[in-house]
A.B. asks: 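Quick one: the structure is below, questions incoming.
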Number of protein chains: 2
Amino acid sequence: MGSTDRWRQITDAVREAGRMGVAELAALTGASEMTVRRDLEVLAEQGVLERYRGGARSLLLQGEEPPFALRAQEGSETKRRIAAEVAALIADGESVVVDSGTTCLEVARALEHRRLTVMPLSLHAVNALTSAAGLTLLVPGGRPRPGELALTGPLTAASLAALRFDTAVIGCCGLTPADGLTAYDLEDAAVKRAAIASARRVVAVAESAKLSRTALAFVAPASALHVVVTDDGASEEQTAALVAAGVTVRTV
Amino acid sequence: MGSTDRWRQITDAVREAGRMGVAELAALTGASEMTVRRDLEVLAEQGVLERYRGGARSLLLQGEEPPFALRAQEGSETKRRIAAEVAALIADGESVVVDSGTTCLEVARALEHRRLTVMPLSLHAVNALTSAAGLTLLVPGGRPRPGELALTGPLTAASLAALRFDTAVIGCCGLTPADGLTAYDLEDAAVKRAAIASARRVVAVAESAKLSRTALAFVAPASALHVVVTDDGASEEQTAALVAAGVTVRTV
DNA sequence: ACATAACGAACATCTGTCATGTTCGAAAGA
DNA sequence: TCTTTCGAACATGACAGATGTTCGTTATGT
């Protein structure tokens, strides 16, 4: 598990340079060449890069997001702070649908000891909550996307359409006043829309870096959100623009 | 993990005697009293027994089934043999719904490297299959029952009602020609019925001990099953009676 | 075809984790 | 009050996972 840092280091280096040799990466990370080869094998399986004799070449285009395993531990302190704030916005007894993604996984963890009805949209979050005694856990149907384990498809849509939640906690890949809330994956976007439609109140979580980003798939305009929770890296203009769209912004 | 045997030993001893002292259990298992106390704590959390000062008293009535964690490793060799036989009955490209329970979990594992569409009815099986590359994994909606992680409720029923499978693999707590296929849990029974209704062919798995047992909740008559896979502990009369009901019986 | 570099299987080592045991002060019950 | 049980804290040992090293094999370039 301690290899995650090195994986990120390698992923970033290869992505920047386009391709890189095993020896270079070994020097960069301070690990042996054998270890680098083993890492490259893992990353190649995850589809991050492609091996060739002597090194590896990046497969991640600028528009794509790195796989779940790599994002999971990034800026986890910030994510936990955001998650705690979201948890504070939710009252005992509420029913909550929690989106997929690493930030929302932290939200799910923050709800573990509460007394709620929770439907997570990712199996990672489901697994984090299966032994939570106090809460009623609901699993939506669907097809889990590899790695991410986000549930998508008609079964997910049907599960959401059958229910009405007090609050939806939605993650995103980009959120700007102009382009609204956007996601990398088309199917994910459809699920997010369904989740938003099934909830009375919508809370979006977005690390500040996402407030200047727009991804491929449009989900909803900023005005469809009631609360946005972000971190203190957000600029004045960004928060002001969201407030102007009628959104309550909470910075932690 | 190596504590599972001792857990079963303690559970059985306490269930037989009604209640038992810590010192007695320590002598029985050969472990220290501290270890027995830690075990009792775990088992009390699982609802198997109740602690009192100096010992523990059984909470498992004769009609109840021990929790998943205790059944998981029981007779796993037999279960694997049964599972392999079931896997052999399924052709590539089929769609399969796999019931909850420890035997069916083995079936799910046996399908991991096949090219199929699989919908498991328990999160244990879902987790066992999330990294299976070849197969299309479908997750039904529902409320996971604690420990067992079997999905039940209206969402599960709706997920099953929306689909038609080639084969349903169904587990049971009891299966006799007279009483048909029975389960301990009422909600589980409803899910099993829905699974049977959604499949063209029904394969039931039942260790031979279950062929002389009847549980609380009726699921389906034996005649609703197409194939029963059991182990060689089944008696001639038992298999003959099933065959008379129009079932193909396979003994491994 | 040959030489060289890269590869990966096998083994050795190290480290962190988990189950277990031991000790001892605290708490419950007689 | 006294005895027994309990459980927190620490020590021990087994074990799994990660990393490094060695060496025979394989691929690539000249």
Side-chain angles (χ1 to χ4, degrees), chain A residues 1-14 17-46 48-59 67-70 72-74 76 109 127-128 130-131 147, chain B residues 1-14 17-59 67-70 72-74 76 109 127-128 130-131:
Chain A
M1 283 295 177
S3 39
T4 317
D5 312 323
R6 207 178 43 242
W7 289 350
R8 193 162 51 242
Q9 225 179 333
I10 292 177
T11 305
D12 292 346
V14 173
R19 67 164 172 272
M20 223 161 188
V22 172
E24 295 173 272
L25 289 168
L28 172 70
T29 60
S32 75
E33 298 199 1
M34 189 66 227
T35 300
V36 170
R37 281 194 205 99
R38 280 192 271 243
D39 288 343
L40 291 180
E41 192 179 359
V42 171
L43 294 171
E45 262 176 29
Q46 295 191 353
V48 174
L49 44 79
E50 190 184 26
R51 280 309 307 275
Y52 63 85
R53 194 174 183 80
R57 150 177 44 251
S58 177
L59 285 179
F68 188 87
L70 291 179
Q73 315 230 358
E74 268 176 26
S76 48
R109 290 196 178 122
N127 288 328
T130 41
S131 49
Chain B
M1 284 294 180
S3 40
T4 318
D5 312 323
R6 208 179 42 243
W7 289 350
R8 193 160 52 242
Q9 228 179 331
I10 292 177
T11 305
D12 292 346
V14 173
R19 65 163 173 272
M20 226 161 184
V22 172
E24 293 173 274
L25 288 168
L28 172 70
T29 59
S32 75
E33 298 198 0
M34 189 65 227
T35 300
V36 170
R37 277 194 207 98
R38 279 191 271 241
D39 288 343
L40 291 179
E41 191 179 1
V42 171
L43 294 171
E45 262 178 29
Q46 296 191 352
V48 174
L49 45 78
E50 190 184 26
R51 279 308 307 275
Y52 63 85
R53 194 174 183 79
R57 150 177 44 250
S58 177
L59 285 179
F68 188 88
L70 290 180
Q73 315 230 358
E74 267 176 26
S76 49
R109 290 195 178 123
N127 289 328
T130 41
S131 49

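When reading the values below, keep in mind they use all heavy atoms of this one structure, side chains included, and skip hydrogens, waters and symmetry mates. Convention: sequence-line order gives letters A, B, ...; per-chain numbering from 1. A quick note: this is a predicted structure, and the numbers were derived from the prediction, not measured.
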A.B. asks: Taking for each residue the nucleotide of DNA chain D bearing the nearest heavy atom, is the 5' side occupied by R38(B) or by E33(B)?
C.D. replies: E33(B)

A.B. asks: Between C1' on dC18(C) and CH2 on W7(B), what's the gap in Å once rounded to a whole number?
C.D. replies: 12 Å

A.B. asks: Do T29(A) and T35(A) come within less than 4.5 Å of each other through their side chains, counting heavy atoms only?
C.D. replies: no

A.B. asks: Would you call R37(B) and E41(B) a salt bridge, using N to O less than 4.0 angstrom?
C.D. replies: no

A.B. asks: What's the CG-P distance between D39(A) and dC7(C), to the nearest Å?
C.D. replies: 13 Å

A.B. asks: Nearest whole Å is fine: how far is dG20(D) P from L25(A) CG?
C.D. replies: 14 Å

A.B. asks: Grab the CD-P distance between E24(A) and dA6(C) for me, whole Å please.
C.D. replies: 11 Å

A.B. asks: Could you state the CE-C1' distance from M34(B) to dT5(D), rounded to the nearest angstrom?
C.D. replies: 11 Å

A.B. asks: Output all residues satisfying side-chain contact (heavy atoms from CB on, under 4.5 Å) with L59(A), sequence neighbours left out; order by chain, then residue number.
C.D. replies: E50(A)

A.B. asks: To the nearest angstrom, how far is R6(B) atom CZ from dC18(C) atom P?
C.D. replies: 16 Å

A.B. asks: Can you tell me the distance, in whole Å, between the CZ atom of R37(A) and the P atom of dA27(D)?
C.D. replies: 15 Å

A.B. asks: It should be established whether R51(B) places a side-chain nitrogen or oxygen under 4.0 Å from OP1 or OP2 of nucleotide dT5(D).
C.D. replies: no

A.B. asks: For a quick check, tell me whether the side chain of R53(A) and the base of dT28(D) share a donor-acceptor pair closer than 3.5 Å.
C.D. replies: no

A.B. asks: For V22(A) and for T35(B), locate the closest nucleotide of DNA chain C by heavy-atom distance; then report the residue assigned to the nucleotide nearer the 5' terminus.
C.D. replies: V22(A)

A.B. asks: Atom CE of M20(A) to atom P of dA6(C): distance rounded to whole Å?
C.D. replies: 15 Å

A.B. asks: Which residues pass the side-chain hydrogen bond (donor to acceptor under 3.5 Å, both in side chains) test with S76(B), not counting sequence neighbours?
C.D. replies: none

